[in-house]
Amino acid sequence: MPKESYFEQVYDVVRCVPPGRVTTYGTIASFLSLGSARMVGWALNHCFGAGDVPAHRVVNRNGELSGRAHFRPPSLMQERLEAEGIKVEDDKVVEFDKLFWNPADHF
DNA sequence: TCACTGACAAGGG
DNA sequence: ACCCTTGCCAGTG
């Protein structure tokens with residue numbers, strides 16, 4: 001498999017997200033200039049088994065842990081975020097604007 | 001080949 | 001301010 005699928009493109013960006021920071025689906029899609037926000041979430045759905053992809057650092061534009069239901073256990077996403085110093089309340093990232101990390105900024 | 005799916009985002013009522 | 005509809009596009013059956 002010499003060619004990277006769209007999944008791997010997303011995984012690569014997610015891996016670049018530093019601990020204690022979060023990003024959104026739309027941001028990744030915009031950064032890749034490919035696909036859409038829905039695809040990013042869909043790609044992450046297949047990430048389990050694709051290696052160590054910190055999918056818990058990816059949230060929706062509201063800062064909500066929309067993908068927590070896909071973790072096992074579902075609370076694992078919040079556990080991971082809190083382990084990195086991110087506070088989560090009511091399934092939402094506290095001070096999401098501050099913790100937001102833009103891949104384009106790192107670039 | 002065609003149709004449906006999906007962890008979202010933005011706009012309109 | 002909230003709820004609903006539309007658009008998005010690669011992958012799978």
Side-chain angles (χ1 to χ4, degrees):
Chain A
M1 26 267 282
K3 199 153 192 174
E4 297 179 355
S5 299
Y6 180 80
F7 307 115
E8 310 219 1
Q9 302 283 340
V10 175
Y11 303 155
D12 187 48
V13 176
V14 176
R15 281 181 201 139
C16 289
V17 179
R21 295 283 182 172
V22 292
T23 188
T24 68
Y25 302 95
T27 300
I28 295 172
S30 179
F31 178 70
L32 294 175
S33 300
L34 186 66
S36 62
R38 289 183 103 170
M39 265 199 90
V40 177
W42 172 60
L44 289 176
N45 188 12
H46 288 40
C47 83
F48 294 92
D52 50 332
V53 181
H56 57 273
R57 292 177 193 153
V58 184
V59 296
N60 64 1
R61 67 131 188 138
N62 292 319
E64 300 176 87
L65 282 58
S66 53
R68 76 193 155 104
H70 294 256
F71 283 78
R72 272 188 320 283
S75 59
L76 179 63
M77 186 171 186
Q78 183 173 338
E79 296 277 329
R80 292 282 186 181
L81 291 173
E82 289 181 337
E84 295 179 355
I86 299 175
K87 296 176 183 175
V88 178
E89 270 186 34
D90 192 34
D91 297 331
K92 286 177 287 203
V93 176
V94 179
E95 296 187 332
F96 167 68
D97 294 344
K98 291 183 181 179
L99 299 176
F100 176 75
W101 180 83
N102 191 326
D105 185 58
H106 183 67
F107 179 79

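Chain naming here is simple, since letters A, B, ... match the order of the sequence lines and numbering starts at 1 in each. Because only heavy atoms are used, hydrogens play no part in the values below, and waters and symmetry mates are left out as well, while side chains stay in.
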Exercise. Which part of the nucleic acid does A:Phe71 contact within heavy-atom distance under 4.0 Å: base, sugar-phosphate only, or nothing?
Worked result: base

Problem set entry | For atom CG of A:Leu76 and atom P of B:dA7, their distance in whole Å | 17 Å

For this session: Indicate if A:Val13 and A:Phe7 have the same hydrophobic cluster label, given that clusters are the connected sets of ILVMFWY residues with side-chain heavy-atom separations under 4.5 angstrom.
Result: yes

Exercise. Below 4.5 Å, heavy atoms only, C-beta onward: do A:Leu34 and A:Gln9 meet side chain to side chain?
Worked result: no

Detail all sub-3.5 Å separations between protein N/O atoms and N/O atoms belonging to nucleotides 8-10 of chain B.
{"residue": "B:dC8", "atom": "N4", "partner": "A:Arg38", "partner atom": "NE", "Å": "3.1"}
{"residue": "B:dC8", "atom": "N4", "partner": "A:Arg38", "partner atom": "NH1", "Å": "3.4"}
{"residue": "B:dC8", "atom": "N4", "partner": "A:Arg38", "partner atom": "NH2", "Å": "3.3"}
{"residue": "B:dA9", "atom": "OP1", "partner": "A:Arg61", "partner atom": "N", "Å": "2.8"}
{"residue": "B:dA9", "atom": "OP2", "partner": "A:Arg61", "partner atom": "N", "Å": "2.8"}

For this session: Decide yes or no for A:Phe71 and A:Pro73: does some side-chain heavy atom of the first lie under 4.5 Å from some side-chain heavy atom of the second?
Result: no

Problem set entry | Within-4.5 Å side-chain heavy-atom neighbours: A:Met77 and A:Val88 | no

Problem set entry | Heavy-atom pair with the smallest gap, counting every atom of A:Ala29 and A:Ala37 | CB-N, 3.8 Å

Exercise. Which heavy atom in A:Gly20 sits nearest to a heavy atom in A:Ile86, and how many Å separate them?
Worked result: C-CD1, 3.7 Å

Problem set entry | Set of side-chain hydrogen bond (donor to acceptor under 3.5 Å, both in side chains) partners for A:Thr27, sequence neighbours left out | A:Thr24

Exercise. Would you say the side chain of A:Leu81 lies within less than 4.5 Å of the side chain of A:Val22, judging by non-hydrogen atoms?
Worked result: yes

Exercise. For DNA chain C, which nucleotides open and close the run of contacts to chain A, 5' to 3', at under 4.0 angstrom from a non-hydrogen atom?
Worked result: C:dG7 to C:dG11

